[in-house]
2 protein chains.
Amino acid sequence: MSKPRTPSIKMVADRAGVSVATVSNVLNGKPNVSPDLVLRVRDAVKELGYAVDFGASRLRSRKSQLAGVVVPDLTNPMFASFVSTLEHLARVDGFDLVVVSARNDPEEEADRLRNIRSWRPAGLIVIPCDGAFAKRLPEGFSAPVVLADRIPDEPGFDLIAVDNSAAAGAIATHIESQGYKDCLVVGSWLSISNVRERWEGIRKAVKRLEVEMLEIGIDDPEGADRLERRLRGRQLPGALFVLDHGSSLLAYRTMAEIGISAPRDIGFASFDDMEWMRLVAPSITAVRQPVEDMAEQAWALLLRRIRGSAGDPATRRLRCAIEIRGSTSRSLRQDAGEAQKGGMTCTLQEGRYSPE
Amino acid sequence: MSKPRTPSIKMVADRAGVSVATVSNVLNGKPNVSPDLVLRVRDAVKELGYAVDFGASRLRSRKSQLAGVVVPDLTNPMFASFVSTLEHLARVDGFDLVVVSARNDPEEEADRLRNIRSWRPAGLIVIPCDGAFAKRLPEGFSAPVVLADRIPDEPGFDLIAVDNSAAAGAIATHIESQGYKDCLVVGSWLSISNVRERWEGIRKAVKRLEVEMLEIGIDDPEGADRLERRLRGRQLPGALFVLDHGSSLLAYRTMAEIGISAPRDIGFASFDDMEWMRLVAPSITAVRQPVEDMAEQAWALLLRRIRGSAGDPATRRLRCAIEIRGSTSRSLRQDAGEAQKGGMTCTLQEGRYSPE
DNA sequence: AACATCTGGTGAAACGATTTATTGTAAGCT
DNA sequence: AGCTTACAATAAATCGTTTCACCAGATGTT
């Protein structure tokens, strides 16, 4: 009836017949410890099934091998993939991740940030809910923070994002070049920097095309109503360009319900290329964001900061790829048959956009 | 040039003019501390921006508010949603999550398990890569473990899974009742318990329907080839039933490439109902798994174990829902037009399957 | 008055690691 | 031999908490 506690460094030391300091030195690969002792320690470790206690280790050494990750919504495939990539990269560098989802709620984000702070992570990677992120970062938070994907209202942060404006502009130009006269642009909220930048990119790019913006929120029934009313209205827009994945799902479903389909009745394009956009027939013209790259760069930057690199906050914009597919094709308007074969898929090379 | 370290409990104590013990008592809501001191401590905490150090706290109190989560692949929407739900529930109970993805690699899973152990989590929720999970759990791991979704070869674990056999059987029966004569069943590996159970459920359920199993692996080009050859073969099966989401994506894409479509040329059904299956036309008959429920039950069970509930390992099987849609409809074989409207969607009530 | 029982509070000992200072020993150099 | 230098190993201090034993004073009980 004793207490078989999980083995500590002390037990290892006893069993190996050395001091705890020596065990620590062996475990951390410090030089100046004789080969036979290394062996004895290793054996003892194995026999006891010992594993260091990261908490205690961090407490004393003041070095944490833990990073925090905050995303708006883990169920969004974009963010899931972001986290997944991050998690792998971090692991390679010996870091673990505390992952939290803010569920699109700034309050919750603030709460999670406060909470995560108590784990004393070496750094933080955050995709903020909205622009007011700076106000939610607990004051006195000293670990480096790298933001991704969304731009904060206040500057002063390291940031990895994509070139929203140019990508959206490229799609708008494509739509225009297909001969569409007007285009309804749909997005969750203009208060989200991505949506805003994309909308502005469109306005900057178009020449003759008439564009009109509609905000429909996130999981908001009223927004869904607004969209449906607009699509049922007497004047169906020539094309529909949706600026985020959530809205795309809603829009595509709504179109199906109403019985209009792309490109027969309307041109359709979307941000955030997803698997399903390639699977539906005809497949959907979309902007593909380099999520993995984003994760990679964010992690690289954070790691540099953790290792002590000073310097002004850096902002990097990554280039998106444009996938032109059937849903915006004017020539497919009549014969919707061929489409699913995927032969229509191509990558826009015009301007700064490069092929796969 | 001093060292503005992140505030510790000692600084709070000094500022409030009390002992650290008192601060600790206030922070942990212990009784027997006078109201004015509580106030003074609270003020000091606020002024300093103090937040407890979970690591130190855990070290001393031996109670961890951290749980580990291991999934085979975070980019799989099923698992992403599982983690997301879990994360929310855990937070409500004051727990944070260390999340790791094994990337479908048992080796990596073993590595992550070892690693996660060093965080001394209060418990673990794992969706194992394969049945040999027990061998990968570091020996001497003392925190409670709850497995989910996949069944380990060796018993002795708490387990929350779904009723694979019955659900797969129901789909098979449906396919049979539609008049299909034979059915090709496709899945990643039979060594994954889910796939195995589903396959067995099918064989148990069918009467006249001829069934045949094809394993195509995970992200395996050879498997993709096998599938393509089979579908290009002289004898196209009447129906195709795919047993996991990854394989479904591959199968659906392959069909499109070859130019066969459901239900015109072949009946098509799948496990793991996903958004895209509702978006393609006609939409796809699928088994919808109660992922959120699974997460909920897994968390509830783990929490109970953490709180000290003893008792034999429990196994719970949750019921899946069946979504009968156009892709298996015999009557749609001729007129593939109507389908996208989704009017075909319904929920099988037969047997133990209940409607939405 | 003497004794037990609360009450609000504190100092100091853990927890499991790393780091620093220290010691003893062996080797290297005049 | 005498003196420095280098090496191996350790004891002890420390990180930020919680907990335990204890204390002084007030209150209650006989």
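Just so it is clear, the model here is predicted, and its values are computed rather than measured. Below, chain A is the first sequence line, B the second, and so on; all start at residue 1.
Between A:Asn25 atom CG and C:dG16 atom P the separation is 20 Å, expressed in whole Å. Going from atom CD1 of A:Ile9 over to atom C1' of D:dT10 covers 13 Å, rounded to whole Å. Separating the CG atom of B:Leu59 from the C1' atom of D:dT14 is a distance of 12 Å, rounded to the nearest angstrom. If you measure from atom CE of B:Met11 to atom P of D:dT17, you get 9 Å, rounded to the nearest angstrom. Atoms CG (A:Asp14) and P (D:dA9) sit 17 Å apart, rounded to a whole Å. In this structure, CH2 of B:Trp119 is placed 13 Å from P of C:dA17, rounded to the nearest angstrom. If you take NZ of A:Lys10 and C1' of C:dT18, they are 16 Å apart, rounded to a whole angstrom. Atoms CZ (A:Phe54) and P (C:dT18) sit 10 Å apart, rounded to a whole Å.
Each of A:Val23 and B:Ala21 was assigned the nucleotide of DNA chain C with the nearest heavy atom; the assignment lying further toward the 5' end belongs to B:Ala21. Each of A:Val20 and A:Pro31 lies near DNA chain D, and the nucleotide nearest A:Pro31 is the one positioned closer to the 5' end. Toward the 5' end of DNA chain C, the nearer of the two residues B:Leu37 and B:Arg58, judged by each one's closest nucleotide, is B:Leu37.
Looking at heavy atoms from C-beta onward, B:Pro72 lies out of side-chain contact with B:Arg103 at the 4.5 angstrom threshold.
More than 12 heavy atoms of other residues, nucleotides or ligands sit less than 6.0 Å from atom CZ of A:Arg91.
Under 3.5 Å, the side chain of A:Arg60 and the base of C:dT18 form at least one donor-acceptor pair of N or O atoms.
Of the side-chain N and O atoms in B:Arg5, one or more sit less than 4.0 angstrom from OP1 or OP2 of D:dG16.
Across B:Ile151 and B:Ser193, no two heavy atoms sit closer than the pair N-OG, 2.8 Å.
Contacts of B:Arg62 with the nucleic acid, taken as non-hydrogen atoms under 4.0 Å apart, involve only primed sugar atoms and P, OP1 or OP2.
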